[in-house]
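Keep in mind the model is a prediction, meaning the values are calculated, not measured. Below, all heavy atoms of this structure are taken into account, side chains as well, without hydrogens, waters or symmetry copies.
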Amino acid sequence: MSTPSGQDQITTQQVPGPGYAPGQQPNAGSASAAQDHLATQQVPAPGYAPGQQPNAGPGYGPPPQGAGFAGQPGPGQYAQPGPGIPAQAGFTPNQHQHHSQQPVFAGPDPFPQAKASFGSALHSEWTKIRTVRSTFWTLLITMVITIGLGALIAMGSSSHPGPDDDFTANSMSGLFFGQLVIVVFGAMAITAEYSTGMIRTSLTSQPRRGTLFWAKAGIVAAVALVVGLVCSFASFFIATAIYSGHDITVSLSDPGALRAVIGGGLYMTGTALLAFGLGAILRHTAGAITTAVGLLFVLFILVQFLPGTWRTDISKWIPFNAGLQIITTRPQDNMLSPWAGFAVFAAYAAVAVIGGAIVMRKKDA
């Protein structure tokens with residue numbers, strides 16, 4: 001019998017596995033379990049430490065750690081905002097925060113020297129008053145009516161003079177009717193802006209409502225005072241020229257004459273401010289004019305129907321009688337003194353203006 005060759009011995013000889021001594025055979029079941037363990041064990045990718053998730057990608061942090069933490073989104077993912085943090089589609093939290101902190105570019109200031117001060121408000125209101133055509137015609141009609149009717153009344157009073165006639169007050173009797181037109185001017189100075197919607201533009205350029213209101217009131221008072229003084233002095237000098245033809249001498253040097261003439265301008269100013277305040281309260285042209293005329297004329301007529309004692313006690317406190325005492329040079333029975341009467345009339349105008357300021361400050365335009 002032949003003996004097997006050396007090559008066959010090498011083929012049939014079992015080679016021990018790595019880690020086994022010669023003759024020691026690895027357990028078949030243990031080898032299968034080891035293979036399964038290797039198959040299920042996650043092998044870290046090159047460049048990552050054991051336990052680090054390679055699929056997170058470089059530059060991404062761990063998954064969310066709790067409620068409200070949006071974490072870092074993966075590619076193609078949107079972050080979940082935390083409580084109280086609004087999220088927008090297409091923006092990660094960092095992007096949203098960056099967007100909210102980005103200042104809005106408003107462009108260069110076209111008026112770098114312009115400031116919303118009281119002086120600029122006065123300039124703006126003066127520009128609006130003098131460029132509106134209705135202002136010119138209203139003031140022109142006021143002067144024509146006041147001066148013209150004052151001249152006619154002076155002619156009538158000089159034709160039949162009496163011992164108790166107050167020729168200075170008669171020369172300015174045109175104020176009785178001229179105040180009707182100055183009421184229109186005062187009311188429309190503010191109601192026209194509400195009717196046209198211009199008040200919103202005015203408040204945009206001057207957000208301080210108090211500054212805008214008092215600037216407008218100041219312009220109305222200044223214009224009314226100038227117009228009133230022009231009417232008073234013109235009426236007085238025209239009347240003195242008429243009186244001179246009837247041997248009636250009246251001059252500014254007479255007691256109380258200068259105060260009466262200047263008082264005519266003050267009365268027109270108070271009338272315009274009364275209508276202005278009512279316009280600011282009502283924000284309606286017709287309503288403001290009707291209310292002002294009612295206070296100045298209708299109330300005066302209604303008082304005449306009261307019983308004697310009531311009429312005496314109430315008549316001197318109504319705006320018409322109280323205000324016009326400023327143009328008198330002779331004391332009137334059962335009436336207030338000139339300055340006391342004008343103070344009462346100014347109180348009516350002040351209440352209306354202050355009420356208008358409160359309404360403008362509290363109520364939306």
[X] and [Y]: which non-hydrogen atoms are nearest, and at how many Å?
X: S244; Y: A241; result: OG-O, 2.6 Å
X: V181; Y: T138; result: CG1-O, 3.4 Å
X: H160; Y: D165; result: O-OD2, 3.9 Å
X: Q206; Y: S117; result: NE2-O, 3.5 Å
X: T269; Y: L225; result: OG1-CA, 3.1 Å

Does atom [atom1] of [X] have more than 12 heavy-atom neighbours from other groups under 6.0 Å away?
X: H246; atom1: NE2; value: yes
X: R361; atom1: CZ; value: no
X: M335; atom1: CE; value: yes
X: R311; atom1: CZ; value: yes

Item checked: Linked, directly or transitively: F213 and L282 (ILVMFWY side chains, under 4.5 Å) -> no
Checklist line | Interatomic distance, L122 atom CG to I129 atom CD1 [nearest 0.5 angstrom] | finding: 12.0 Å
Check: Atom CG of L296 and atom OG1 of T291: how far apart are they, to the nearest 0.5 Å?
Finding: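 Atom-to-atom, L296:CG and T291:OG1 are 11.0 Å apart.
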Margin query: If we ignore hydrogens and angles and just use 3.5 Å, is the side chain of S235 paired with the main-chain N or O of S232 as donor and acceptor?
Written below: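 Absent.
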Check: Between R209 and M360, is there a donor-acceptor pair closer than 3.5 Å when you use the side chain of the first and the backbone of the second?
Finding: yes
Checklist line | Distance-only polar pair, side chains of S315 and N321, donor-acceptor under 3.5 Å | finding: yes
Margin query: Please list all pairs meeting ring pair (Phe, Tyr, Trp, His ring centres under 6.0 Å) that have one or both residues in residues 319-349, counting only residues at least two apart or in different chains.
Written below: F176-F320, Y267-F345, F297-F320, F300-F320
